[in-house]
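First the structure, in the form of C-alpha cells, and then the observations on it.
Counting begins at 1 with the first residue of the sequence.
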Amino acid sequence: MPGVAKTLTAKLIAKTINSEFKRIQFTPDLMPSDVTGSAILDLKTNEFEFKKGPIFGNIVLIDEINRAPAKTQSALFECMSENQVTVDGHTYPLTRPFLVFATQNPIEHEGTYRLPEAQLDRFLFKIDVHIPGI
C-alpha cells in the first residue's frame, strides 16, 4: 500500500546505523546494468571505467521489485547471496553492511512478474503492510 512509510523506514534504518541508502525503482524497461552498473568508455584515457550502479549502497530499497522482468530481477541474485557484483568478468565486493528491502505489487496487478523461487529464498521474511485502521 502506498503511503505507509516503507521508504521512510528504510531511510531511517540507514541513517541510524550511519550507512548509505539507495533506492531503485523497478520498471518493465529497467536493465540489469541499471542496477549493477556498467563499464563506460573514458574518451580521455581510451579505457573502460566501471561506474557503480545503485546496488552499491548499504541499505538498498527496491521499489516494486516485481515490475521488472526476470533478467533484471536476476541481477540481484549474486548481490543478495554473495555480497558482490560481477560485471564484464570483474567482481566488485559490496560494502558491508549490505541489506535489501523490497516492495512488491500484488501479483494480480497488470504489468507485474512473478518473483523466481531462487530470489524469494534470499529474503529473510515478508511483511504484509496494510493501511492503518483498515
Q: Report the distance from atom CG of Leu8 to atom CG of Leu61, rounding to the nearest 0.5 Å.
A: 11.0 Å

Q: Would you check, one step at a time, whether the test side-chain contact (heavy atoms from CB on, under 4.5 Å) holds for Val85 with Val87?
A: CA-CA 6 Å; Val85 175; Val87 177; 3.7 Å; yes

Q: Nearest 0.5 Å please: distance from the OG1 atom of Thr7 over to the CZ atom of Phe21.
A: 6.0 Å

Q: Ignoring hydrogens and angles, tell me if any N or O in the side chain of Thr95 forms a donor-acceptor pair with the backbone of Asn58 under 3.5 Å.
A: no

Q: List for me each residue that meets salt bridge (charged side-chain N to carboxylate O under 4.0 Å, His left out) alongside Lys51, sequence neighbours excluded, and say none if there are none.
A: Glu49

Q | Minimum heavy-atom distance between Phe26 and Ile65, given as atom pair plus value | A | CD2-O, 3.4 Å

Q. Which residues satisfy the side-chain contact (heavy atoms from CB on, under 4.5 Å) test with Leu43, sequence neighbours excluded?
A. Leu41

**Q.** Gln25 (side chain) donor-acceptor with Ile62 (main chain) under 3.5 angstrom
**A.** no

Q: Supply the atom-to-atom distance Phe56 CZ to Phe98 CZ, rounded to the nearest 0.5 angstrom.
A: 9.0 Å

Q: Check for a donor-acceptor pair, side chain of Ser81 on one end and backbone N or O of Phe77 on the other, with a separation under 3.5 Å.
A: yes

Q.
For residues Phe48 and Tyr92: do they belong to one hydrophobic cluster (side chain heavy atoms under 4.5 Å, members Ile, Leu, Val, Met, Phe, Trp, Tyr)?
A. no

Q. Among side-chain atoms of Thr103 and Asp63, is any donor-acceptor pair under 3.5 angstrom?
A. yes

Q: State whether the number of non-hydrogen atoms from other residues, nucleotides or ligands found under 6.0 Å of Asn18 atom CG is greater than 12.
A: no

Q | Heavy-atom side-chain contact between Ile17 and Pro97 under 4.5 Å | A | yes

Q) Can you list the steps and then say if Gln104 with Glu64 is a side-chain hydrogen bond (donor to acceptor under 3.5 Å, both in side chains)? A) CA-CA 5 Å; Gln104 177 180 346; Glu64 299 181 308; over 6 Å; no

Please table the atom pairs, donor to acceptor, closer than 3.5 Å between any side-chain atom in residues 30-39 and protein atoms at least two apart or in another chain.
from	atom 1	to	atom 2	distance (Å)
Asp34	OD2	Met31	N	2.9
Thr36	OG1	Pro32	O	3.3

Q. Rounded to the nearest 0.5 Å, how far does CD of Glu78 lie from OG1 of Thr91?
A. 6.0 Å

Q: Measure the NZ-CZ distance between Lys6 and Phe101 for me, rounded to the nearest 0.5 Å.
A: 13.0 Å

Q.
Can you confirm whether more than 12 heavy atoms, excluding those of Lys52, are under 6.0 Å from its NZ atom?
A. no

Q) Atom CG in Leu94, atom CG in Leu99: separation rounded to 0.5 Å? A) 12.0 Å

Q: Tell me, please, which residues at least two apart from Pro28 pass side-chain contact (heavy atoms from CB on, under 4.5 Å).
A: none

Q: Please name all residues satisfying side-chain contact (heavy atoms from CB on, under 4.5 Å) with Glu47, sequence neighbours left out, ordered by chain then number.
A: Thr45

**Q.** Pairs where residues 80-100 contributes a residue and the test salt bridge (Lys or Arg N to Asp or Glu O under 4.0 Å) is met, not counting sequence neighbours
**A.** none

(Q) According to a hydrophobic-cluster definition based on side-chain heavy atoms being under 4.5 Å apart (Ile, Leu, Val, Met, Phe, Trp, Tyr only), do Ile59 and Val100 belong together? (A) no

